[in-house]
Number of protein chains: 2
Amino acid sequence: MAPKKQESNSQQREASGRRERAHRILDAAAALILRWGYDKTNVEDIARQAGVGKGTIYLHWKTREELFRALIKREQLAMAADFKQRISEDPAGATLHTMYKHYVSVLMKRPLLKALILRDTDVLGKFAHSEHSSAAFIERVAGFKIYLEFLREHGLVRTDLSMREQVYMLSAIVMGSYLIAPWMPDELTLTDEELADLVADTVQRSLESGRSASADELQVISHTFLEQLNRGIALYEAQFQHDLDS
Amino acid sequence: MAPKKQESNSQQREASGRRERAHRILDAAAALILRWGYDKTNVEDIARQAGVGKGTIYLHWKTREELFRALIKREQLAMAADFKQRISEDPAGATLHTMYKHYVSVLMKRPLLKALILRDTDVLGKFAHSEHSSAAFIERVAGFKIYLEFLREHGLVRTDLSMREQVYMLSAIVMGSYLIAPWMPDELTLTDEELADLVADTVQRSLESGRSASADELQVISHTFLEQLNRGIALYEAQFQHDLDS
DNA sequence: CACGTGACCAAATTTCTAAACTGGTCATAA
DNA sequence: TTATGACCAGTTTAGAAATTTGGTCACGTG
């Protein structure tokens, strides 16, 4: 690659340094929020933990809440990458239940996102009750509908249920699985893997059509799905990177 | 029936009066709790609404919490009666999914129990966080396991899933259906009947075996189940009545 | 005498306010 | 030009004071 002129090089190095610093700040925020909860994590603590001055944080984000939104975004992107990886490696990755198996599995490893989805008030504090939380859920449901429509078109899921019913029950199964965990008596708890498999089995039986697609067909569908997912991730990523550079 | 002697008659009339008064107090408590929530419903208001003195309430129950427990018990008994009625009238009443259809349907009409199950903090306030709530859930799950075992023995539900997984997913489906309702965007909400049918469909597909029992077999199973249910209700009822008489 | 009642009290809850903290800014330093 | 922490207004917290409430019981009533 041709070398850029002096000024551009310098800007790039600086931009990269900024970016690294932004990540350091987000790391600090993540650690503190998981340890103390959102409400009790203040900007000064984050700055100290990240080894920067408080003012520096405001060079990256306009408000504390914006910083937290960036953290969530980063977490979602990391999770999406995990998810993409697994789907692309799984021959059955195009089926609804396989997607959910990986989704549950991958989400289990992200306590911050788990808390966000479950609106865990201990961790998220006021953030859980803010607009963002509901908006995120609605957005999630909307994204959902698009790929569900896609699977319906390919006959991989039942079409004798309305989209409304299907989205509702899909949400209910996944949310229900998470939500009841803390209420279950000890002898009825499941490991993360058991839960992922159980959700997958339930989704398959209750929402997929009987029809089993050929390996070729599955690959085509999986490919198209991953394309779509990639586009979404890229867009989100670009937006996130832009945010980081202020 | 032979007439009882004078004293007994008098005691009976009094007891019946007491019982009626107890119900009046519970009615008042139910109305106030639904209107203002548990925390903001005090004993004096209940007494006034029921048209009795405050001290009278303590002739029936030792504490405010005991009064509320009695109210819940009464509500559960009423719901159980509803449920029994529907199951006994439905030829498919012995199947798991039919039970759940009626269960959901019947529970929807009981806001107090709905709040208890959902631990709706607005209505239940501190009561939701008390021992009683968790205990009730665990008890519910335990009762569950008994009749699930029964259905497994008759091959009406899958046996290739462990009880643990089955109970977990059954709880997840039902709880999930209730819990997500308030988070759903408007265009995705379902009516109570739609939800009951959807839950039934999901339970059938994901937890029942393919095997369909004959009408005769179903009736036998249904009969046995109702016997068991009746015994449970009678026991609970006796206990409740005894409580009312102080 | 037996039952019902509301005044009464200790304990819990709410309200109020002074003190402490924190998100965000910006003059200053590097 | 970039980073910082002292600074300030607005918010949160602590805890004292005031109010409310669960539960008791001496008294009134039929």
Side-chain angles (χ1 to χ4, degrees), chain A residues 6-22 24-25 28-29 32-33 36-71 121 125-127 129-130 132 244-246, chain B residues 6-25 28-29 32-33 36-71 121 124-127 129-130 132 244-246:
Chain A
Q6 174 66 26
E7 186 195 343
S8 178
N9 251 336
S10 145
Q11 272 183 2
Q12 212 172 33
R13 183 160 49 252
E14 277 170 17
S16 139
R18 275 182 75 82
R19 207 167 277 188
E20 190 207 22
R21 187 176 61 185
R24 232 176 41 240
I25 294 170
L32 290 173
I33 286 169
W36 303 108
Y38 177 75
D39 289 346
K40 293 196 188 304
T41 298
N42 60 29
V43 178
E44 209 166 317
D45 289 346
I46 296 173
R48 191 175 321 118
Q49 174 96 3
V52 298
K54 188 161 73 142
T56 306
I57 287 183
Y58 289 91
L59 296 177
H60 287 279
W61 300 279
K62 274 198 282 292
T63 66
R64 175 179 114 111
E65 197 183 311
E66 204 168 284
L67 155 63
F68 189 60
R69 277 205 296 267
L71 176 58
T121 40
K126 279 158 212 152
F127 198 81
H129 303 300
S130 73
H132 183 261
L244 282 199
D245 298 341
S246 171
Chain B
Q6 174 64 28
E7 187 194 344
S8 176
N9 251 336
S10 147
Q11 273 183 0
Q12 211 172 36
R13 183 161 49 253
E14 277 170 16
S16 138
R18 274 182 75 82
R19 207 167 278 188
E20 190 209 23
R21 187 177 60 186
H23 278 292
R24 232 177 40 239
I25 294 170
L32 289 173
I33 285 169
W36 304 108
Y38 177 74
D39 289 347
K40 294 197 188 303
T41 298
N42 59 27
V43 178
E44 208 167 315
D45 289 346
I46 296 174
R48 191 175 322 119
Q49 174 96 4
V52 298
K54 187 161 72 142
T56 306
I57 286 182
Y58 289 90
L59 297 177
H60 287 279
W61 301 279
K62 274 198 281 294
T63 66
R64 176 180 114 112
E65 197 183 311
E66 205 167 284
L67 155 63
F68 188 60
R69 277 206 297 268
L71 175 59
T121 40
L124 288 180
K126 279 159 214 150
F127 198 81
H129 302 300
S130 73
H132 182 263
L244 281 198
D245 297 343
S246 172

Atom pair distance, as rounded to whole Å: NZ in B:Lys126 and C1' in D:dT20: 12 Å
Are B:Val43 and B:Leu67 packed together at the side-chain level, in the sense that at least one heavy-atom pair is separated by less than 4.5 angstrom? no
Could you tell me how far apart A:Leu59 (CG) and D:dG5 (P) are, to the nearest whole angstrom? 13 Å
Expressed as a whole number of angstroms, how long is the span from A:Trp61:CH2 to D:dA3:C1'? 15 Å
Kindly calculate the angle separating the two end axes of the helix from C:dC1-D:dG30 to C:dA30-D:dT1, each obtained from five base pairs, and round it to 10 degrees. 20°
Spacing of CD1 belonging to B:Ile57 relative to CD1 belonging to B:Ile25, to within rounding of 0.5 Å: 5.0 Å
C:dT13 P sits how many Å from B:Lys40 NZ, rounded? 12 Å
Atom OG1 in B:Thr41, atom CZ in B:Arg64: separation rounded to 0.5 Å? 7.0 Å
OP1, OP2 of D:dT2 versus side-chain N and O of A:Arg21: anything below 4.0 Å? no
Check against side chain to side chain contact (heavy atoms under 4.5 Å, CB included), A:Arg18 and A:His60: CA-CA 9 Å; A:Arg18 275 182 75 82; A:His60 287 279; 4.1 Å; yes
Between B:Tyr38 and B:Phe68, how do the two ring planes meet: parallel, tilted or perpendicular, split at 30° and 60°? tilted
Between the protein and nucleotides 23-30 of chain C, list every N/O to N/O distance that falls short of 3.5 Å.
| from | atom 1 | to | atom 2 | distance (Å) |
| --- | --- | --- | --- | --- |
| C:dG23 | OP1 | A:Arg64 | NH1 | 3.4 |
| C:dG23 | OP2 | A:Val43 | N | 2.8 |
| C:dG23 | N7 | A:Lys54 | NZ | 3.1 |
| C:dG24 | OP2 | A:Tyr58 | OH | 3.2 |
| C:dG24 | OP2 | A:Arg64 | N | 2.5 |
| C:dG24 | N7 | A:Lys54 | NZ | 3.1 |
| C:dG24 | O6 | A:Lys54 | NZ | 2.3 |

Between atom OH in B:Tyr38 and atom P in C:dT13, what is the gap in whole Å? 11 Å
Roughly, in whole Å, what's the span from CD1 in A:Ile57 to C1' in D:dT2? 16 Å
Integer-rounded Å distance: D:dG22 P and B:Arg48 CZ: 12 Å
Please list all pairs passing the salt bridge (Lys or Arg N to Asp or Glu O under 4.0 Å) test where one or both residues lie in residues 39-50 of chain B, with sequence neighbours left out. B:Asp45-B:Arg48
Answer yes or no: does a side-chain N or O of A:Thr56 lie under 4.0 Å from OP1 or OP2 of D:dA3? no
Is there a side chain to side chain contact (heavy atoms under 4.5 Å, CB included) between B:Glu66 and B:Tyr58 once you walk through the steps? CA-CA 10 Å; B:Glu66 205 167 284; B:Tyr58 289 90; over 6 Å; no
